[in-house]
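Heads up, the thing below is written out as structure tokens.
For the numbers below, each heavy atom of this structure counts, side chains included, while hydrogens, waters and symmetry mates do not. Treat the numbers as computed from the prediction; the structure is a model and nothing was measured. Residue numbers start from 1 in every chain, and the chains themselves are labelled A, B, ... in the order their sequence lines are given, proteins ahead of strands.
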2 protein chains.
Amino acid sequence: MRDSHAAEARPYHHGDLRRALIDAARRILEAEGPSALSLRAVAREAGVSPAAPYHHFKDKAELLDAVAAEGWEMLDAAMARAKEQAEPRDKLTALGIAYVCFARENPALYRVMYDAARDKEALPEQMHASEDSAFCKVRDTMIEQGADPESAVELELATTAAWCAAHGLAEMAGFKQFEHLKETLGGEVPFLRAVFGHMGLFPGVRRD
Amino acid sequence: MRDSHAAEARPYHHGDLRRALIDAARRILEAEGPSALSLRAVAREAGVSPAAPYHHFKDKAELLDAVAAEGWEMLDAAMARAKEQAEPRDKLTALGIAYVCFARENPALYRVMYDAARDKEALPEQMHASEDSAFCKVRDTMIEQGADPESAVELELATTAAWCAAHGLAEMAGFKQFEHLKETLGGEVPFLRAVFGHMGLFPGVRRD
DNA sequence: CTGATATCTGGACGACGTAAACATATCTTG
DNA sequence: CAAGATATGTTTACGTCGTCCAGATATCAG
């Protein structure tokens, strides 16, 4: 059976329990929400004993970190796709819309992602550090749409502002208070565009 | 002892356990953070048995709701104070700064406030409904600073955008990634002003 | 004073996170 | 290939949690 361990590392007893646990966690998260996401429930869903996860994660927080990391990757991919498909002068808005839509379509996952970030008091490395991180994607898009690439501080401030706007909107968009506005404007996405427009951040949708 | 129950309602055994429980919860929250805020710990802190709170709150969530409600009142008061003290053309920015500063000075309480809101998928009534709610304060200030009071939808969109911006910034401002920016700009408040400025929401600090 | 009612205690239950002791499968090395 | 080392899993156990229930006791209404 040399073929089954050809990859590079872990197929022992279960095959790849680490992977299975993360998947189980995601399944529970989607089906029953964050409050049902206990370590024991994850182990149950994966068909192992309650203590088994401790051979793959230091504690519950580390499992959630792994789930969150995959969430950030998904968000990053969604934003990349959105930027690609949008017309040049609409790319920044498209990034913002993609961000909020991801959060709205995966509310439980988004919550886990930010809970982990708040506990660490930092966004994950992958979102802010690397060359093609989502954060850099926003910055680069700002340059493409006319921001001055020389003034680094201004550029980082603008990117930060955009990120704050997207996160704030992602959390607010689910509140009942704004349903009336969504109806008036004809749907969720028009509502998002309108709010982003009022932020004055996104040249593509700037009014007047 | 007729004097001790003169007020209007509740002094039975303990005096006013409901009040004492909320205070105990706030003390624990400030001293040990949200993760230490268990119902049993609150009862312990208040000097009663673990089951006693159930005569004043349906469950743990209802206690947290009460704590959150007081948090919103404090936030409202802080914003009112800020608006009062600011110069006319700086009032909107002052509201935003006050909002974020409150969240930064009471991170555990702010978290409880928004966790409760997320669970209910709504901001608390008190923040959005009444005449002098914080939300209306922002809207009114926008009018005072030149927004058109006739276009109700535009006005509500702008207010929503401002609220999203403040919340987003409140959550981001604690992340390590932005400490560098804070230093460059000479402190937290200048950082907040700069980000708000880049939002283009607050005429008082609009650049150029 | 007497019952009704509001408030608190004590004990119990099941679920949780986690640790320790043990069992077994796989890897490594001689 | 034999044999220890190591990685992976189970069982059992502990303390904490939210919550409920059965009393006890204090206050109130008549």
Side-chain angles (χ1 to χ4, degrees), chain A residues 1-25 28-29 31-68 108 112 115-116 119, chain B residues 1-25 28-29 31-68 108 112 115-116 119:
Chain A
M1 287 194 172
R2 301 161 57 221
D3 52 344
S4 77
H5 71 318
E8 69 262 10
R10 306 277 128 59
Y12 273 76
H13 299 54
H14 178 283
D16 190 351
L17 183 52
R18 184 189 157 86
R19 186 63 265 147
L21 288 169
I22 296 177
D23 290 342
I28 293 174
L29 214 45
E32 308 176 62
S35 67
L37 191 63
S38 68
L39 238 198
R40 295 176 100 106
V42 172
R44 224 176 292 136
E45 170 80 19
V48 295
S49 78
Y54 285 88
H55 290 275
H56 301 271
F57 302 98
K58 185 172 118 302
D59 53 18
K60 183 184 181 183
E62 205 171 275
L63 203 198
L64 293 213
D65 278 353
V67 173
V112 168
D115 281 351
D119 282 342
Chain B
M1 285 191 174
R2 301 158 59 218
D3 51 346
S4 78
H5 72 317
E8 70 263 9
R10 307 278 130 57
Y12 273 76
H13 299 53
H14 179 283
D16 190 350
L17 183 53
R18 186 190 156 86
R19 184 66 265 145
L21 288 168
I22 296 177
D23 290 342
I28 293 174
L29 213 45
E32 309 176 63
S35 67
L37 191 63
S38 68
L39 237 200
R40 296 177 99 104
V42 172
R44 226 176 291 136
E45 170 80 16
V48 295
S49 80
Y54 285 89
H55 291 273
H56 301 271
F57 303 98
K58 185 171 117 304
D59 54 17
K60 183 185 181 182
E62 206 170 273
L63 204 198
L64 294 213
D65 278 353
V67 173
V112 168
D115 281 352
D119 283 342

**Q.** Interatomic distance where CD belongs to E45(A) and P belongs to dC16(C) [whole Å]
**A.** 13 Å
**Q.** Those residues that, when tested against D59(A), pass side-chain hydrogen bond (donor to acceptor under 3.5 Å, both in side chains) (two or more places apart)
**A.** none
Q: Would you kindly give the CD-to-C1' distance between E62(B) and dG18(D), to the nearest whole Å?
A: 15 Å
Q | Interatomic spacing from CG in L37(B) to CG in L63(B) - rounded to 0.5 Å | A | 7.5 Å
**Q.** H56(A) vs dA7(D): side-chain N/O to OP1/OP2 distance below 4.0 Å
**A.** no
Could you write out each protein N or O paired with an N or O of nucleotides 17-21 of chain C at a distance under 3.5 Å?
residue, atom, partner, partner atom, Å
dG17(C), OP1, L39(A), N, 3.0
dG17(C), OP1, K60(A), NZ, 3.0
dG17(C), OP2, L39(A), N, 3.0
dG17(C), OP2, R40(A), N, 3.1
dG17(C), N7, R40(A), NH1, 2.5
dG17(C), O6, R40(A), NH1, 2.9
dT18(C), OP2, Y54(A), OH, 3.0
dT18(C), OP2, K60(A), N, 2.9
dT18(C), O5', Y54(A), OH, 3.1
dT18(C), O4, R40(A), NH1, 3.4

**Q.** Atom pair CZ/CG of R18(A) and L21(A) - distance to nearest 0.5 Å
**A.** 9.0 Å
**Q.** Contact check, side chains of L64(B) and D115(B), non-hydrogen atoms, under 4.5 Å
**A.** no
Q. Reckon R44(B) touches a base, only the sugar-phosphate, or nothing at all at heavy-atom distances under 4.0 Å?
A. sugar-phosphate
Q: Figure out the CD1/P separation between I28(B) and dT16(D), and round it to whole Å.
A: 15 Å
**Q.** Criterion side chain to side chain contact (heavy atoms under 4.5 Å, CB included) on L39(A) and Y54(A), from CA distance to verdict
**A.** CA-CA 10 Å; L39(A) 238 198; Y54(A) 285 88; 3.3 Å; yes
Q) If you pin A36(B) and S49(A) to their nearest nucleotides in DNA chain D, which one's is more 5'? A) S49(A)
Q: Could you state the atom-to-atom distance from CZ of F57(B) to C1' of dC8(C) in whole Å?
A: 15 Å
Q: Calculate, to the nearest 0.5 Å, the distance between atoms CG and NE2 belonging to L17(A) and H56(A) respectively.
A: 4.0 Å
